[in-house]
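In what follows, a structure is listed as structure tokens, so that the remarks can point back to it.
Hydrogens, waters and symmetry mates are skipped; everything else that's a heavy atom, side chains included, is used. Nothing here was measured: the structure is a model prediction, and the numbers come from that model.
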Amino acid sequence: MESAKVILSTIRIKGDRMKKLLVLPVFAIVLMGCGSEYDDTIDGAITYYHEEGAYVDDDIETKDNAEILVWDDGRYISAVFFDEEGNETGDFVMEQVRGNFTEQRGDVDRMRENADADYKERFGEEID
């Protein structure tokens with residue numbers, strides 16, 4: 001009888017561990033689902049900006065230091081970068097067509113003002 005109790009308690013312990021092990025992959029999947037549908041588009045635009053910009057600071061000009069707008073279903077991406085003191089260090093408006101980026105010239109401030117944003121982000125966090 002004593003051996004049966006030991007076996008049952010061992011099975012119960014292993015069962016509890018299995019439940020915990022099953023929770024980890026589910027939690028990881030939930031975390032992977034976080035983020036925006038525009039993350040790849042934003043990352044691509046910033047990468048293009050870094051590759052094409054002669055006076056770009058890759059360490060400062062990141063999503064975590066930027067105000068980002070996306071509009072026209074991801075066709076246009078705007079980023080304004082800030083340093084630690086809150087000073088603007090750079091900006092862009094990109095147009096994406098079939099995965100290729102082109103930096104927009106002209107009155108980009110007006111483009112931002114007139115944008116009907118599908119997505120907004122400030123310092124790495126989505127905002128309304």
Side-chain angles (χ1 to χ4, degrees):
M1 187 69 151
E2 190 65 35
S3 62
K5 288 181 181 178
V6 170
I7 292 172
L8 287 175
S9 66
T10 303
I11 291 172
R12 186 173 32 243
I13 290 171
K14 287 183 180 180
D16 289 343
R17 286 185 184 158
M18 289 302 291
K19 287 178 189 174
K20 289 178 185 176
L21 290 175
L22 288 175
V23 169
L24 290 174
V26 171
F27 183 68
I29 291 170
V30 168
L31 285 179
M32 287 174 31
C34 294
S36 152
E37 66 181 284
Y38 298 109
D39 280 347
D40 290 340
T41 301
I42 294 166
D43 292 340
I46 292 173
T47 298
Y48 180 84
Y49 175 72
H50 287 168
E51 291 171 354
E52 298 298 314
Y55 302 105
V56 174
D57 187 338
D58 294 3
D59 295 328
I60 292 177
E61 295 178 348
T62 66
K63 285 174 61 171
D64 292 334
N65 299 325
E67 289 182 355
I68 296 171
L69 294 175
V70 179
W71 67 96
D72 200 7
D73 293 324
R75 181 174 180 176
Y76 294 99
I77 306 95
S78 165
V80 179
F81 300 101
F82 299 91
D83 64 16
E84 292 176 0
E85 289 81 36
N87 301 311
E88 186 177 320
T89 63
D91 70 323
F92 67 76
V93 173
M94 297 282 179
E95 179 181 22
Q96 176 190 224
V97 177
R98 293 185 296 277
N100 297 312
F101 294 96
T102 305
E103 189 165 1
Q104 299 298 291
R105 305 286 180 200
D107 194 352
V108 294
D109 289 331
R110 184 178 304 233
M111 292 177 76
R112 288 185 186 106
E113 289 171 10
N114 293 332
D116 183 17
D118 299 319
Y119 177 78
K120 296 178 185 179
E121 184 176 301
R122 184 160 210 253
F123 304 131
E125 299 292 325
E126 183 175 358
I127 58 174
D128 294 324

Can you give me the closest heavy-atom contact between [X] and [Y], atom names plus distance?
{"X": "I127", "Y": "E121", "result": "CG1-N, 4.0 Å"}
{"X": "E61", "Y": "I46", "result": "O-CG2, 4.1 Å"}
{"X": "E103", "Y": "Y48", "result": "N-CE2, 4.3 Å"}
{"X": "G124", "Y": "D64", "result": "CA-OD1, 3.9 Å"}
{"X": "G74", "Y": "D118", "result": "N-OD2, 4.0 Å"}

With a cut-off of 6.0 Å (strictly less than), are more than 12 heavy atoms of other residues, nucleotides or ligands near [atom1] of [X]?
{"X": "K63", "atom1": "NZ", "value": "yes"}
{"X": "D40", "atom1": "CG", "value": "no"}
{"X": "E88", "atom1": "CD", "value": "yes"}

Discussion item. With a 4.5 Å cut-off on side-chain heavy-atom distances among I, L, V, M, F, W and Y, is there a chain of contacts connecting I77 to V80?
Written reply: no
Fill in: ILVMFWY cluster, F81 and F123 together (side-chain gap under 4.5 Å)
no
Nearest 0.5 Å please: distance from the [atom1] atom of [X] over to the [atom2] atom of [Y].
{"X": "E51", "Y": "F101", "atom1": "CD", "atom2": "CZ", "result": "10.5 Å"}
{"X": "R75", "Y": "M94", "atom1": "CZ", "atom2": "CE", "result": "15.0 Å"}
{"X": "D91", "Y": "F82", "atom1": "CG", "atom2": "CZ", "result": "9.0 Å"}
{"X": "T47", "Y": "I42", "atom1": "OG1", "atom2": "CD1", "result": "11.5 Å"}

Worksheet item: Other hydrophobic cluster members with V93, side-chain heavy atoms of Ile/Leu/Val/Met/Phe/Trp/Tyr under 4.5 Å, chained?
Response: L69, W71, Y76, V108, M111
Worksheet item: Mind checking who shares a hydrophobic cluster with I60, ILVMFWY linked at side-chain heavy-atom distances under 4.5 Å?
Response: none
Discussion item. Please check: side-chain N/O of D116 versus main-chain N/O of D72, any donor-acceptor pairing under 3.5 Å?
Written reply: no
Fill in: Exam field: side chain N65 to backbone T62, donor-acceptor pair closer than 3.5 Å
no
Worksheet entry | Minimum side-chain heavy-atom gap T102-V97 below 4.5 Å | no
Worksheet item: With D43, which residues qualify under side chain to side chain donor-acceptor pair (under 3.5 Å), at least two apart?
Response: none
Worksheet item: Do the ring planes of Y119 and Y38 sit parallel (below 30°), tilted (30 to 60°) or perpendicular (above 60°)?
Response: tilted
